[in-house]
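Bear in mind that the values here come from a model prediction, so they are computed numbers and not experimental data. Protein chains get the first letters and strands the later ones, always in sequence-line order, with residue 1 at the start of each. As a basis for the values below, the full set of heavy atoms in this structure was taken, side chains included, without hydrogen atoms, waters or symmetry mates.
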Protein chains: 2
Amino acid sequence: MQQSYSKRMPPRRPGPGGAKGWWRGRFKGCGYRFTVPRQVILDTLNRTSKHLSAEDIYLAVHRTCPNIGLTTVYRTLELLVQMGLVFKFDFGDGRARYELSRETHPRGHCYLVCINCRRVINADDFREKETERIKQIEETIAKRYNFRVRNQITQFYGLCGKCSQERTEDE
Amino acid sequence: MQQSYSKRMPPRRPGPGGAKGWWRGRFKGCGYRFTVPRQVILDTLNRTSKHLSAEDIYLAVHRTCPNIGLTTVYRTLELLVQMGLVFKFDFGDGRARYELSRETHPRGHCYLVCINCRRVINADDFREKETERIKQIEETIAKRYNFRVRNQITQFYGLCGKCSQERTEDE
DNA sequence: TTGATAATGAAAACCATTTTCACTAAGCAT
DNA sequence: ATGCTTAGTGAAAATGGTTTTCATTATCAA
Ligand SMILES: [Mn+2]
Ligand SMILES: [Mn+2]
Ligand SMILES: [Zn+2]
Ligand SMILES: [Zn+2]
């Protein structure tokens, strides 16, 4: 389970089961300890593509490690965000959401938030064209404001399919 | 100050000093009373282009109307958001921000958030090209997910000019 | 194996926001 | 104008996600 880890950092290609080794390296590289809670929390985030809240993660983790406290979940998530391994979002429902940073969309995120039922649709699946367009906006804005973009979120607020049907009387 | 208000709603062209009359009409049209706290809070939002927090608004309002409580500020803001007169944002600093909905950018917002100093730069000043690009993304996504977009926010997280200078040692 | 100390967890604190409830005032009917 | 009805208000308390505190534990370099 615990594979050897060489000095140079593998270029973010974890391989089957090797994600843990890569993570360990990142932690050591930053001078942090790779503890059991941190492993389990990363595993939980790695196992889903959903945007989990701290409590979601706490409950999932609690099934296998009932001794891990909510405090540690919050602290670990804060650390992971600061290390750039995890993205933190806010959809306006009063709790933060967390998502593992993946190669597939390294820094572009898109969400549809229904203002009626509060449902959040993950619309990260940008095609070629959308990716290109958002990248061009990013470059323009970054140059205009002398800003170095690390991560980008686009949120569309409106009515989901189900809720817009139920409101056919409005305008 | 208080101008006559005809049945049909003026097409969102307040005119000098007539914003209040238009607001009153919106409130009456929804069956709400146009109270002093509501007027003052709208005035405060109308007087700035900044993204104010509830407390910001409370303090600004408090100077002229010390009797208006923070509770009312929250309640009024919630109502204004629900009426579509005000937009609510979250930049991840633990407090919501509010901004009056204006004709200039009726439903597109863009912010740059510095992950180091937490500064928020209002980058709403989209040129022709950016507006066009974000609109095309919106249309594509809306169709793909059968979603009726009401409002849209693009946030770029990264380092502002000042903070990226101070970090020339990194990568 | 051992020691230094980073990390943990339970409980308390924090703090933005919401709820409660007695009171006030907007605006319609008189 | 005056009074009535009730939507709206504000002080205080409650809520709930997140952070802090502090005594205890576990990681890992030596
Ligand atoms: Mn995403
Ligand atoms: Mn804006
Ligand atoms: Zn919905
Ligand atoms: Zn900065």
Side-chain angles (χ1 to χ4, degrees), chain A residues 2 4-5 7 20-21 23-42 51-59 61-62 64-83 86 88-98 118, chain B residues 1-2 4-5 20-21 23-42 51-59 61-62 64-83 86 88-98 118:
Chain A
Q2 183 175 315
S4 75
Y5 181 75
K7 277 289 156 52
K20 199 161 288 186
W23 290 331
R24 177 183 292 275
R26 278 298 304 265
F27 274 83
K28 278 179 72 170
C30 297
Y32 301 129
R33 296 178 183 175
F34 193 56
T35 63
V36 169
R38 289 172 180 179
Q39 291 179 46
V40 176
I41 289 167
L42 269 170
H51 26 69
L52 302 176
S53 69
E55 196 186 3
D56 292 338
I57 295 166
Y58 169 72
L59 291 174
V61 154
H62 198 265
T64 53
C65 302
N67 51 317
I68 294 177
L70 184 57
T71 310
T72 297
V73 173
Y74 275 110
R75 268 191 298 234
T76 302
L77 287 170
E78 187 188 1
L79 184 69
L80 293 172
V81 168
Q82 181 246 300
M83 289 173 71
V86 162
K88 182 179 182 180
F89 301 107
D90 201 305
F91 301 127
D93 64 339
R95 59 185 56 194
R97 306 281 174 165
Y98 300 87
R118 299 264 60 170
Chain B
M1 177 174 287
Q2 183 175 314
S4 75
Y5 181 76
K20 199 161 286 186
W23 291 332
R24 178 183 291 275
R26 278 299 301 268
F27 274 83
K28 278 177 71 169
C30 296
Y32 301 128
R33 296 178 183 174
F34 194 56
T35 63
V36 169
R38 289 171 182 180
Q39 292 180 45
V40 177
I41 289 167
L42 269 170
H51 27 68
L52 302 176
S53 69
E55 197 186 2
D56 291 337
I57 295 166
Y58 168 71
L59 291 173
V61 154
H62 198 264
T64 54
C65 302
N67 50 318
I68 295 177
L70 184 56
T71 310
T72 296
V73 174
Y74 275 109
R75 268 190 298 233
T76 302
L77 288 170
E78 187 189 1
L79 184 70
L80 293 172
V81 168
Q82 182 246 298
M83 289 173 72
V86 162
K88 182 179 182 181
F89 302 107
D90 200 307
F91 301 125
D93 64 339
R95 59 186 56 195
R97 305 281 173 165
Y98 300 87
R118 299 263 62 166

*Could you check which of C:dT17, C:dT8, D:dG17 has an atom nearest any side-chain atom of A:R38?*
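It is C:dT8.
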
Heavy-atom pair of closest approach, residues [X] and [Y]:
| X | Y | value |
| --- | --- | --- |
| A:K88 | A:V81 | CB-CG2, 4.0 Å |
| B:A54 | B:V73 | O-CG1, 3.6 Å |
| A:Q39 | A:R24 | NE2-NH2, 4.1 Å |
| A:I68 | A:Y58 | O-CE1, 3.3 Å |
| A:R38 | A:T76 | CG-CG2, 3.8 Å |
| B:Y98 | B:S53 | CD1-C, 4.4 Å |

Calculate the interatomic distance between [X] atom [atom1] and [N] atom [atom2]; express it in whole Å.
| X | N | atom1 | atom2 | result |
| --- | --- | --- | --- | --- |
| B:L42 | D:dG8 | CG | P | 14 Å |
| B:Q39 | C:dA26 | CD | P | 9 Å |
| A:F91 | D:dG17 | CZ | P | 17 Å |
| B:M83 | D:dG8 | CE | P | 10 Å |
| B:H62 | D:dG10 | NE2 | C1' | 11 Å |
| A:Y74 | D:dT20 | OH | P | 13 Å |
| A:L79 | D:dT18 | CG | C1' | 16 Å |
| B:I57 | C:dA16 | CD1 | P | 14 Å |

If you restrict it to nitrogen or oxygen atoms, what contacts under 3.5 Å exist between nucleotides 27-30 of chain D and the protein, and what is each distance?
| unit_1 | atom_1 | unit_2 | atom_2 | d |
| --- | --- | --- | --- | --- |
| D:dT27 | O2 | A:R33 | NE | 3.4 |
| D:dT27 | O2 | A:R33 | NH1 | 2.7 |
| D:dT27 | O2 | A:R33 | NH2 | 3.1 |
| D:dC28 | OP1 | A:F34 | N | 3.0 |

*Donor-acceptor pair, B:R26 side chain versus B:M83 backbone, under 3.5 Å?*
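A pair under 3.5 Å: yes.
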
*Classify the angle between the aromatic ring planes of B:F34 and B:F27 as parallel (below 30°), tilted (30 to 60°) or perpendicular (above 60°).*
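Geometry flag for B:F27 against B:F34: tilted rings.
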
Could you go through nucleotides 10-13 of chain C and list every protein N or O atom that sits under 3.5 Å from one of its N or O atoms, giving the distance for each pair?
| unit_1 | atom_1 | unit_2 | atom_2 | d |
| --- | --- | --- | --- | --- |
| C:dA11 | N6 | A:T71 | OG1 | 3.4 |

*Going by heavy atoms in the side chains, are A:T35 and A:T72 under 4.5 Å from each other?*
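When only atoms from C-beta onward are counted, A:T72 and A:T35 do not touch, as no gap falls below 4.5 Å.
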
_Most 5' of A:T72 and B:R95 on DNA chain C, judged by nearest nucleotide_ =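 Checking each residue's closest nucleotide, the 5'-ward one belongs to A:T72.
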
